[in-house]
Amino acid sequence: MNSKLLTDEVYNILLSKITEKEWKVGEKLPSENKLCEQFHVSRISIRTAIQKLQAQNLVVTKPGKGSFVSSNHIGENMISFSIEKMNITSNEYRYVMELRRAIEFTSVELMCQHGQSQDFEALKTALDHMVASGSDARKYVEADFEFHMALIKGSHNPLFATVMRGCKTELLKYFREMADASGGNFQRAIQNHSNIYQAILERDAEKTKRIIEGTFEYNLERFKNLFKEE
């Protein structure tokens with residue numbers, strides 16, 4: 001069976017347990033091993049499903065302690081949009097996702113393998129700037145771009161940074177659209193970037209990529225009716 005289908009099935013079951021309040025807020029989820037045994041799936045399917053729940057702020061994972069339910073209501077985690085339509089099409093969104101997968105995912109792997117202390121410090125500085133931006137969309141977008149460029153520079157492949165700087169206009173347009181649609185509420189996004197930073201610190205490339213991919217899917221779902229027509 002397709003691994004993505006397995007992950008989706010596990011995700012839907014876990015989501016149901018949370019939204020129907022079988023698992024209460026603050027309750028610890030069963031361990032990955034127990035979930036693997038229960039659903040007869042691989043650990044990667046469980047981790048990916050949990051990551052999708054993290055992207056929706058339904059689950060929070062505490063290092064060394066496990067994953068806990070943080071909310072039972074999807075509606076509480078969906079940002080209230082301040083615009084009726086975005087200024088990018090679904091295809092433009094897809095193009096950026098494909099570019100980021102091609103460059104960022106390889107950068108993640110390389111940074112986890114070869115990253116140096118100054119690379120992690122640059123990533124943390126950008127994250128701090130995101131937190132300090134408050135509800136200022138312009139400052140947040142600048143810090144968001146700074147964060148992803150720090151990740152790419154951490155690959156120590158100068159060509160990757162050159163490619164991304166060459167696409168800066170398109171990328172900033174994408175980041176601005178995400179920020180505008182969020183109406184100045186960047187808490188979920190900041191938490192997500194904090195999760196990325198922690199996974200990079202652990203030099204766990206697969207975990208980092210799952211977090212980023214979960215964000216792609218989450219944003220695609222919440223923006224699907226807001227994209228500008230082709």
Under 4.5 Å between any side-chain heavy atoms of Glu146 and His129, yes or no?
yes
Determine whether Arg94 and Thr89 make a side-chain contact, defined as any pair of heavy atoms from C-beta on separated by less than 4.5 Å.
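Sidechains of Thr89 and Arg94: no contact.
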Under 3.5 Å side-chain donor-acceptor pair for [X] and [Y]:
| X | Y | value |
| --- | --- | --- |
| Tyr174 | Arg100 | yes |
| Asn33 | Arg43 | yes |
| Thr61 | Gln54 | yes |

What about Leu123 and Leu201, same hydrophobic cluster or not, with Ile/Leu/Val/Met/Phe/Trp/Tyr joined at side-chain heavy-atom distances under 4.5 Å?
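Same cluster.
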If a pair satisfies salt bridge (charged side-chain N to carboxylate O under 4.0 Å, His left out) and one of its residues is in residues 119-135, list it, with sequence neighbours excluded.
Lys124-Asp128
Tell me, with the steps shown, if Lys24 and Glu27 meet side chain to side chain contact (heavy atoms under 4.5 Å, CB included).
CA-CA 5 Å; Lys24 311 297 184 187; Glu27 185 174 346; 3.9 Å; yes
Where the side chain of [X] meets the backbone of [Y], is there a donor-acceptor pair that is under 3.5 Å apart?
| X | Y | result |
| --- | --- | --- |
| Ser16 | Asn12 | no |
| Thr106 | Ile103 | no |
| His193 | Ala189 | yes |

Can you tell me how far apart CD1 (Ile212) and CG (Leu151) are? Round to the nearest 0.5 Å.
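Ile212 atom CD1 to Leu151 atom CG measures 6.0 Å (nearest 0.5 Å).
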Residues that Gln118 engages under side chain to side chain donor-acceptor pair (under 3.5 Å), provided they are two or more places apart:
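Expected list: Gln116.
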Should the pair [X]-[Y] be classified as a salt bridge under the 4.0 Å nitrogen-to-oxygen rule?
| X | Y | value |
| --- | --- | --- |
| Lys173 | Glu177 | no |
| Glu213 | Arg101 | yes |
| Glu206 | Arg47 | no |

Test the Lys62-Phe68 pair against the cation-pi criterion, namely NZ or CZ under 6.0 angstrom from the six-membered ring centroid and within 45° of the ring axis.
yes
With side chain to side chain contact (heavy atoms under 4.5 Å, CB included) as the test, pick out the partner of Leu171 among His148, Met164, Met149.
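Looking at His148, Met164, Met149, the match for Leu171 under the side chain to side chain contact (heavy atoms under 4.5 Å, CB included) is Met164.
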Look at the rings of Phe186 and Tyr140 and say which category their plane angle falls in: under 30° parallel, 30 to 60° tilted, over 60° perpendicular.
parallel
